2 protein chains.
Amino acid sequence: MSKHTIQDVARKARVGVGTVSRVLNNHPSVRKSTRDKVLAAIEDLNYAPNPHARRIAGGRSYTVSVMLPMVSVEFYVRLVNAIEECLDENRFDMAIFPLLGRARIERYLNSNRIAYQADGIIMCTYDLGRLFPDGALPTEHPVVLVDNESEHYDSVFLDNYYGGYLVGEYAGRLGLPAYTMSLEDDPEGVFVSQVFVDRKRGFDDGVTSSNVQLVRDYPSGLHHQGGVQAAQKLLDEAVFPCTVFAAADVLAGSLIEEAGRRGLVVGRDIKVIGFDDQPWSQDMKLTTVHQPIEVMGRRAAEMLLERLSGYDGPPRKARFTPHLVERDSTLGEVLPAKYVAIAER
Amino acid sequence: MSKHTIQDVARKARVGVGTVSRVLNNHPSVRKSTRDKVLAAIEDLNYAPNPHARRIAGGRSYTVSVMLPMVSVEFYVRLVNAIEECLDENRFDMAIFPLLGRARIERYLNSNRIAYQADGIIMCTYDLGRLFPDGALPTEHPVVLVDNESEHYDSVFLDNYYGGYLVGEYAGRLGLPAYTMSLEDDPEGVFVSQVFVDRKRGFDDGVTSSNVQLVRDYPSGLHHQGGVQAAQKLLDEAVFPCTVFAAADVLAGSLIEEAGRRGLVVGRDIKVIGFDDQPWSQDMKLTTVHQPIEVMGRRAAEMLLERLSGYDGPPRKARFTPHLVERDSTLGEVLPAKYVAIAER
DNA sequence: CTGTTAGCGCCTTCAG
DNA sequence: CTGAAGGCGCTAACAG
């Protein structure tokens, strides 16, 4: 901590602490000359107010809490990055609170946990209705939801249903038997995000209008390893050529690799469609549904900041509409399949 | 926030606030009957002290900051989980501060950032000497390093050199030409953790004593995708049978898949050795170096708590010694290679 | 052992 | 417009 207090600044600037506080908080009624004096003193002393004291004294601490499931997926890395960038531009600080399993989450319910002591909260993915009967967080501070809709709070989310629907329609046009790789239920039942349910539902609806047959779903965990296992099962049982919708790019990646290993040609024998459009999906030539993660993260931060600046309207929904990005993983010609891979040394 | 204050508790228990404070802080000099009264009142009111006020008044907030590179790898998930578990057992709260690129880190230098306002700090992986000339964080509070040694602070780390050495020796015994997959330099140069350098150095030293030839190193990013690219290059150029040491299990995973895709038999044509012993490495039958992540995380938390309880000795080093876990990925017989994989529908 | 009383650093009246 | 004073919730002496 800087050893200096608001007192030091006041003394040095030869004003009262009240005045220093006013310039600190951008109060309009400070004569420019006075304000400059104070600013100079602050600069000289390299002073910065103590956030805890500010908080105690009734003001803001210029801090927001971001709560998110602690899983090692790229989505959150990108999201957090975008949120932090926006908050920082507005001189706000950010702390992250990982949601680690049900037991841990329940401890967070205690509203005195530091997580709730910020000026505002961004809650990601986690379904509030699931643990809080009223669907509300135990705090008076503004809350913004990401990856989740709500009647209580501003929310930022992708229209996952529509994204899935787009894929369903597309699969219909491809005219091949279709399979899906979805997200399996979390054993604890806490993080079964609506997101993946919506994608799947959208797909199912989108595909039914066609004469394509949805053969089977292969659920797995949201990581490469799980994806591979599901992919193996799928490829053991599938007929080719076929279409597969993977509810996340990472699963599509697993599938593509497993297919390659078996000598199947992606885009020809097996049309693969992902969801997310991660940066590496382009290299992978994966047809997928684009989700603007950074834009969404920034929007969430903005909405929270608006609330913190006094906006007090009804809960707003920032719904983002995804679009399909067509790449080689669905564009190959479908030929009779018979492949031989030989590795000889 | 709970609407109640220490005053409410005092009133309800019919004692002074000082007494309530004493029981809150486990002060010994409180008669059991009084303490019980207070405890009952606290229970009744569902009261919990305000951490900011505690910080302001007394010094501690019972909060620790964990700073870590924000990358989507399992290591940090497991580490954070273990740290939080230990902290929670000791009624400490935890907040996470992601280290997001060089520019962001430099902003953290300001010691008034909330990240530095905790009672103590656990800093992961990040090499302090790299950004702080004196290798010290701008804080008076205790600091514990994970994944990094230091003269200034308690540190918890694996003997990565030794782990690499074990693999090197093992590769020597296998007697095949050897390749390595290492971690490429971070373009920003901030997160080039010593960890991977040590593993590689250990390996090199371990292998030189044998008559095995270390042919080439294939660096890549620490994610599946990067691993696949490196693996492709490696497999294009390698002679078989051979041994490959991947500096992290995730890279070994990429290699195994890519090898499978090419019809190579892991354990026979290509001996793969990883590092970390992630939970899924067992399923993958990967020979690897075991790293007790949970134990290390817990130890880090413990060391910090000890400091917070007044321990004031010189910096301690908790060095963990890894061991090699031998599995099928190195146990196949080496036969002349000629493999055919046929996928026919 | 326990109640009372200063502050901790800051914001917010309330007079001037 | 600005200084002084009160208070946020809590801890830490200081007397009893």
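Chain A is the first sequence line, chain B the second, and so forth, proteins listed ahead of strands; every chain is numbered from 1. All values derive from a computational prediction rather than experimental measurement.
With sequence neighbours left out, the side-chain hydrogen bond (donor to acceptor under 3.5 Å, both in side chains) criterion links Gln291(A) to Asp276(A). With sequence neighbours left out, the side-chain hydrogen bond (donor to acceptor under 3.5 Å, both in side chains) criterion links Arg78(B) to Gln278(B), Glu294(B). In this structure Phe157(A) satisfies the ring pair (Phe, Tyr, Trp, His ring centres under 6.0 Å) test with no other residue, sequence neighbours excluded. For Tyr62(B), the side-chain hydrogen bond (donor to acceptor under 3.5 Å, both in side chains) partners are Asn25(B), not counting sequence neighbours. With sequence neighbours excluded, the residues forming a side-chain hydrogen bond (donor to acceptor under 3.5 Å, both in side chains) with Ser61(A) are Asp119(A), listed by chain and number. By the side chain to side chain contact (heavy atoms under 4.5 Å, CB included) test, Pro98(B) is found to be paired with Val80(A), Met94(A), Ile96(A), Met70(B), Leu100(B), Tyr108(B), residues two or more places apart in sequence or in another chain being considered. Listed by chain and residue number, nothing satisfies the side chain to side chain contact (heavy atoms under 4.5 Å, CB included) test with Ala40(B) (two or more places apart in sequence, or in another chain). Under the rule for a salt bridge (Lys or Arg N to Asp or Glu O under 4.0 Å), the partners of Arg307(B) that lie at least two apart in sequence or sit in another chain are Asp154(B).
Atom pair Asn50(A):CG and dG7(C):C1' shows a separation of 15 Å (rounding to whole Å applied). If you measure from atom CZ of Arg11(B) to atom C1' of dG3(C), you get 15 Å, rounded to the nearest angstrom. Rounded to whole Å, the distance from CD1 on Ile42(A) to P on dG9(C) is 16 Å. Whole-Å rounding puts the His52(A) NE2 to dC8(C) P distance at 17 Å. Between Gln117(B) atom CD and dG9(C) atom C1' the separation is 11 Å, expressed in whole Å. Taking atom CZ on Arg55(A) and atom C1' on dC8(C), their separation rounds to 17 Å, with Å as the unit.
Annotation: the terminal axes of the helix from dC1(C)-dG16(D) to dG16(C)-dC1(D) meet at 40°, where each axis is the rotation carrying the C1' atoms of four end pairs onto the next four (5 pairs per end, rounded to 10°).
Side-chain atoms of Ser65(A) come within 3.5 Å of backbone atoms of Ala115(A) as a donor-acceptor pair (strictly under, hydrogens ignored).
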List the atom pairs, with distances to 0.1 Å, where a side-chain N or O of residues 6-18 of chain A and a protein N or O form a donor-acceptor pair under 3.5 Å, not counting sequence neighbours.
residue: Asp8(A); atom: OD1; partner: Arg11(A); partner atom: NH1; Å: 3.4
residue: Asp8(A); atom: OD2; partner: Thr5(A); partner atom: N; Å: 2.8

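Interface limits on DNA chain D: the 5'-most and 3'-most nucleotides within less than 4.0 Å of chain A heavy atoms are dC1(D) to dG9(D).
Taking both residues in full, the closest heavy atoms of Gly135(A) and His152(A) are given as O-CD2, 3.4 Å, listed atom of the first, atom of the second, then distance.
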Sugar-phosphate means primed atoms, P, OP1 and OP2; the rest is base. With that split, encode nucleotides 11-16 of chain C 5' to 3' as B, S or - using protein heavy atoms under 4.0 Å. BBB---

